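A quick note: this is a predicted structure, and the numbers were derived from the prediction, not measured. Positions are given from 1 along the sequence. Atoms within each ligand, like the ligands themselves, are counted from 1 in listed order.
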Amino acid sequence: MLVTKQLVLQRFWYPVVPIAQLLNGPQSFELLGQKIVLWLDASGKPAAVRDRCCHRSAQLSKGKVVNGNIVCPYHGWKFDSNGACVHVPQAENSPISTSYKVSAYHCAERYGYAWVCLADPLKDIPEIPEVADPQYRLIHEFYEPWHCAGLRVMENEFDTAHPTFVHTETFGSEEHPVPDSMEFSETEWELHFRSVLGVVNPSLQKQNLKMAQDKTVRTMHMTWFMPFTAKLRIAYPNGLVHIIVNTTTPINDSTSQIVQFCVRNDTEQDTKGEDIIAFDRKVTLEDKAILETTDFDVPLDINQEQHMLTDKPGIIMRRKLAALLKKHGEVEQIRR
Ligand code: FES
Ligand code: CO
């Protein structure tokens with residue numbers, strides 16, 4: 001599937017830029033092959049429009065924000081968060097033509113990021129109730145491009161067979177090449193996967209988990225929110241809950257922006273945020289090294305690759321995406 005060619009993917013929300021970065025001025029981002037510019041309007045809300053001025057096509061993201069509007073760096077035309085041109089310095093006293101405008105996109109703040117939907121949203125931004133729960137704290141982890149398809153990352157997170165071979169320096173256990181259990185349930189837009197997996201507890205992690213044993217067990221409830229957000233709720237025997245939320249925002253067909261934060265039911269006094277990030281960093285780099293070797297044109301047709309029992313989540317994801325395309329009258333686009 002080539003993500004930029006499947007128009008229905010424009011109808012989902014994706015986190016694109018940390019709100020904190022927008023405090024420094026306008027930021028450009030490429031979403032599904034479309035260049036957009038984001039900034040904060042006068043009320044502090046994020047706004048997103050096409051990063052191309054309707055006058056002579058200059059990039060608005062190279063301009064500046066004045067009173068909540070974005071000013072083009074070429075001739076100073078000013079646009080509001082709806083994409084309407086609200087000031088032309090060369091024609092101060094004339095009305096502005098309504099054709100002076102750029103495309104504006106749905107934009108909202110959630111979990112510390114500006115989220116964008118390029119077309120009519122089919123679904124809300126994924127709900128992560130723990131973020132607002134005072135028992136939990138939010139830790140921002142990673143924001144970086146990976147050279148692979150988002151779907152490869154999604155199925156990797158639900159793949160209970162890879163830790164033994166990929167996470168050899170972090171938590172993978174040779175004694176547990178397969179999980180103890182796998183349970184699935186689906187809704188129209190989500191896949192829920194419950195699994196129990198024995199893992200090792202290396203010295204780097206012992207402090208983070210407050211567990212001295214060399215081995216432990218992860219009881220996992222993973223949720224896939226179509227198409228590119230995953231929530232991994234990992235519970236340990238001592239009551240610690242570590243939730244990883246990860247979106248692979250599609251930049252173009254071969255690159256995804258990894259946006260990851262975690263939510264935990266412990267405190268900074270228990271475990272420093274930087275130690276949690278350091279361990280998760282090591283884990284994600286193990287995944288990245290493998291995932292960037294895979295084909296980005298992931299086939300939704302399951303006959304195009306070979307499978308085993310632990311691939312069931314990935315197979316369900318492909319089936320649900322194929323059904324989504326069909327429902328919206330689209331044919332899967334592939335590299336030729
Ligand atoms: Fe933007 Fe001229 S190109 S104002
Ligand atoms: Co992994």
Assess whether side chain to side chain contact (heavy atoms under 4.5 Å, CB included) is satisfied between Phe171 and Thr216, documenting all intermediate values.
CA-CA 9 Å; Phe171 67 93; Thr216 184; over 6 Å; no
Test Val102 against Cys53 for side chain to side chain contact (heavy atoms under 4.5 Å, CB included), laying out the working first.
CA-CA 7 Å; Val102 291; Cys53 183; 5.5 Å; no
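There is a side-chain donor-acceptor pair under 3.5 Å between Asp253 and Thr4.
Residue side and main chain included, Cys54 places no N/O/S atom under 2.8 Å of atom 1 (Fe) of ligand 1. Here Glu286 fails the criterion, with no N, O or S atom under 2.8 Å of the Co ion (ligand 2). Among the atoms of Cys72, none of the N, O or S atoms falls under 2.8 Å from atom 2 (Fe) of ligand 1. For atom 1 (Fe) of ligand 1, the set of nearby N, O or S atoms under 2.8 Å includes none belonging to His55.
Restricting Asp287 to its N/O/S atoms, the shortest distance to the Co ion (ligand 2) is reached by OD1. Within His75, the N, O or S atom at minimum distance from atom 2 (Fe) of ligand 1 carries the name ND1.
Taking all atoms of both residues into account, the shortest heavy-atom contact from Phe12 to Tyr14 is O-CE1, 3.2 Å. Closest approach of Leu300 and Arg318 over heavy atoms only: O-CB, 3.6 Å.
Atom OH of Tyr236 and atom NZ of Lys210 lie 13.5 Å apart (nearest 0.5 Å).
Between His167 atom NE2 and His162 atom NE2, the angle centred on the Co ion (ligand 2) amounts to 100° (nearest 10°).
Each of the atoms 2 (Fe), 3 (S) of ligand 1 lies under 4.0 Å from some heavy atom of Tyr74. Close approach of ligand 1 to Cys53 (heavy-atom distance below 4.0 Å) involves ligand atoms 1 (Fe), 3 (S), 4 (S).
Taking the six-membered ring for Trp and the full ring otherwise, Phe296 and His147 have centroids separated by 6.0 Å or more.
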